[in-house]
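Take a look at the structure below.
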Amino acid sequence: MNDLAGKHIVLGLSGGIACYKAAELCRALVKEGATVQVVMTEAAEQFTTAVTMQALSGRPVFTSQWDARPGNNMAHINLSREADAIMVAPASADFMARLVHGRADDLLSLMCLARPIDRVPLILAPAMNREMWAHPATQRNVKQLRADGATVLDVGAGEQACGETGDGRMLEPDELLYDLTRFFQPKPLAGQHVLVSAGPTFEAIDPVRGLTNLSSGKMGFAIARAAHEAGAQVTLVAGPVGLPTPRGVGRVNVKSALNMQKSLDLLVPSATVFVSAAAVADWRPATSAEHKIKKDGSGEVPTLSFVENPDILVAIAASPRAKSGELYCVGFAAESHDLEEHAQAKRKRKGVPLLVGNIGPATFGQDDNALLLVDERGMKELPRAPKLVLARQLVAEIARRLST
Ligand code: C5P
């Protein structure tokens, strides 16, 4: 995706076993299009080498403020002014304590102190033993660093290198990559609670059989991620799909249309935006057998009869909060032809201010898609692109409509 194209990241490593993850993070940042300048403390060099980090970043590593390579001999000034962000991963307990006091006795702390504070964000990924993390001194330092303008990321929980289990692990490289990518995204949905439905539903015939459809959930999951990147609190109600939950997003798994309706009805009163991307089954079997329907060899086939599922979106869009504008509803339409005409008609029928049309067979299961946005003013095409790119554009369109 090249989400970090054009960004110059100074990646700082302080001492900790999590330095091995910094190597993978460095590679991931480069893969996303960033240029990466690594700066290591002396303690970090006990855990990984400058040679490794140079090979992964493609640039000589800086480890000392006495490095004579820069013409002006001021690595701390040059490096901090070139950066779009400084990310210290791992940030050890000692390194954070030194930052709190404005210490500048090695290149990395010196560079953090010398950075133009309103232009170059400092992002810290703590990593330490659980007792060190929980210690009042560390927690006090984290609070102070945040007050001083640094972004201190969460820590992971689980098994630690020391053999203990608890909070304090450094986030995984893919989590750090997401947090950094999110950091650079605009936040037009800050303060909003976005509810997204995604995926197919599964309508049981008996305990082992059922009816479903080819929706992969990818578009809805991308919208949930894009809304979270844009600063919203996000809850995803997902039909049966095997996709990983986007970082920072709450997830409720459901099976049938009726399950989905029940979950959405519980969540919708606290939402300010509802994006109905799920491919909800229009019909369900009138009855679902308690036991597996057996083939008895007689050649007789079972007869299925159907009842209509409730239209979840229509009901939510007709609620008083949606009518008063407190809840902004967005519908989806997967069509096979005449997209414009069908999308406009569906928008009116569903009673939503914005409807997103796409061609079903061209989107189900694919990683890219093309969208047609339809509202009372007309329509707008979002040309074929990866679903995450389209999701970000859609989120920006929703945010623009919320602000007017
Ligand atoms: O009527 P159709 O299924 O084409 O409408 C699609 C839109 O309506 C989607 O936003 C889908 O999530 C929603 N829908 C619903 N409940 C249904 C059927 C569709 O909420 N029973």
Side-chain angles (χ1 to χ4, degrees), residues 194-204 210-224 227 234-241 243 251-269 271 273-286 306-319 321-322 327-364 369 371-375 379 382 387 390-391 394-395 397-398 401:
V194 178
L195 183 59
V196 182
S197 73
T201 63
F202 179 90
E203 311 298 328
L211 298 169
T212 186
N213 60 62
L214 289 176
S215 166
S216 63
K218 286 180 184 170
M219 193 66 227
F221 275 60
I223 292 166
V234 185
T235 310
L236 181 59
V237 175
V241 293
L243 297 175
R251 175 173 180 171
V252 180
N253 286 325
V254 296
K255 261 187 156 178
S256 66
L258 293 179
N259 293 157
M260 184 171 273
Q261 183 183 40
K262 207 168 153 195
S263 291
L264 288 170
D265 283 349
L266 284 174
L267 292 163
V268 91
V273 177
F274 171 48
V275 182
S276 186
V280 185
D282 291 314
W283 306 284
R284 65 179 184 276
F306 295 93
V307 291
E308 196 172 309
N309 272 326
D311 195 309
I312 306 171
L313 177 59
V314 165
I316 291 176
S319 67
R321 286 187 66 242
L327 173 70
Y328 189 83
C329 291
V330 182
F332 263 73
E335 305 292 346
S336 60
H337 61 287
D338 293 338
L339 189 54
E340 291 180 20
E341 200 182 311
H342 284 123
Q344 272 298 7
K346 191 159 287 181
R347 187 183 79 81
K348 296 200 180 95
R349 191 150 42 77
K350 299 276 175 180
V352 293
L354 178 62
L355 190 117
V356 183
N358 53 182
I359 296 290
T363 175
F364 280 7
N369 195 5
L371 302 179
L372 183 74
L373 273 48
V374 177
D375 67 8
M379 56 189 109
L382 302 183
K387 285 182 175 172
L390 292 172
L394 175 61
V395 159
E397 292 283 344
I398 293 171
R401 285 166 174 80

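As the structure lists them, so they are numbered: ligands from 1, and atoms in each ligand from 1. Residue numbers start at 1 and run along the sequence shown.
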Kindly confirm or rule out an N or O of [X] lying under 3.5 angstrom from an N or O of ligand 1.
X    : result
F332 : yes
V280 : no
S276 : yes
K350 : yes
A279 : no
A277 : no
E335 : no

Minimum heavy-atom separation for G220 and A277, please, with both atom names.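 Minimum heavy-atom separation between G220 and A277: CA-CB, 3.9 Å.
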Closest approach of P240 to P200 (non-hydrogen atoms, all atoms of both residues): CD-O, 3.4 Å
Can you pull out the closest protein heavy atom to [atom]? Residue, atom name and distance to 0.1 Å, please.
atom                    : answer
atom 11 (C) of ligand 1 : A278 O, 3.2 Å
atom 4 (O) of ligand 1  : K346 NZ, 2.3 Å
atom 16 (N) of ligand 1 : I312 N, 3.1 Å

Would you say A333 contacts ligand 1, with heavy atoms under 4.0 Å as the rule?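 In this structure, A333 fails to qualify as a contact of ligand 1 - no heavy atom is under 4.0 Å.
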Are any of the heavy atoms in P310 under 4.0 Å away from ligand 1? yes
Pairwise distance SG(C329) to NZ(K350) - rounded to 0.5 angstrom: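 Here the rounded value is 12.0 Å.
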Given 3.5 Å as the limit, does a donor-acceptor pair link the side chain of [X] with the main chain of [Y], or not?
X    : Y    : result
S319 : I316 : yes
N358 : A333 : yes
K387 : T363 : yes
N309 : A281 : yes

What part of D282 sits under 4.0 Å from ligand 1 if we count only heavy atoms: the side chain, the backbone, both or neither?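 The answer is the side chain.
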If you define the side chain from C-beta out and look only at heavy atoms, does anything of F332 sit under 4.5 Å from V280? no
List ligand 1 atoms under 4.0 Å from G331, heavy atoms only on the residue side.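 Counting from 1, the qualifying ligand atoms are 10 (O).
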List ligand 1 atoms under 4.0 Å from L313, heavy atoms only on the residue side. 8 (O), 10 (O), 13 (C), 15 (C), 20 (O)
State plainly whether the residues K255 and E203 are in salt-bridge range, i.e. N to O under 4.0 Å. no
Charged N-O contact under 4.0 Å between R401 and D375: yes
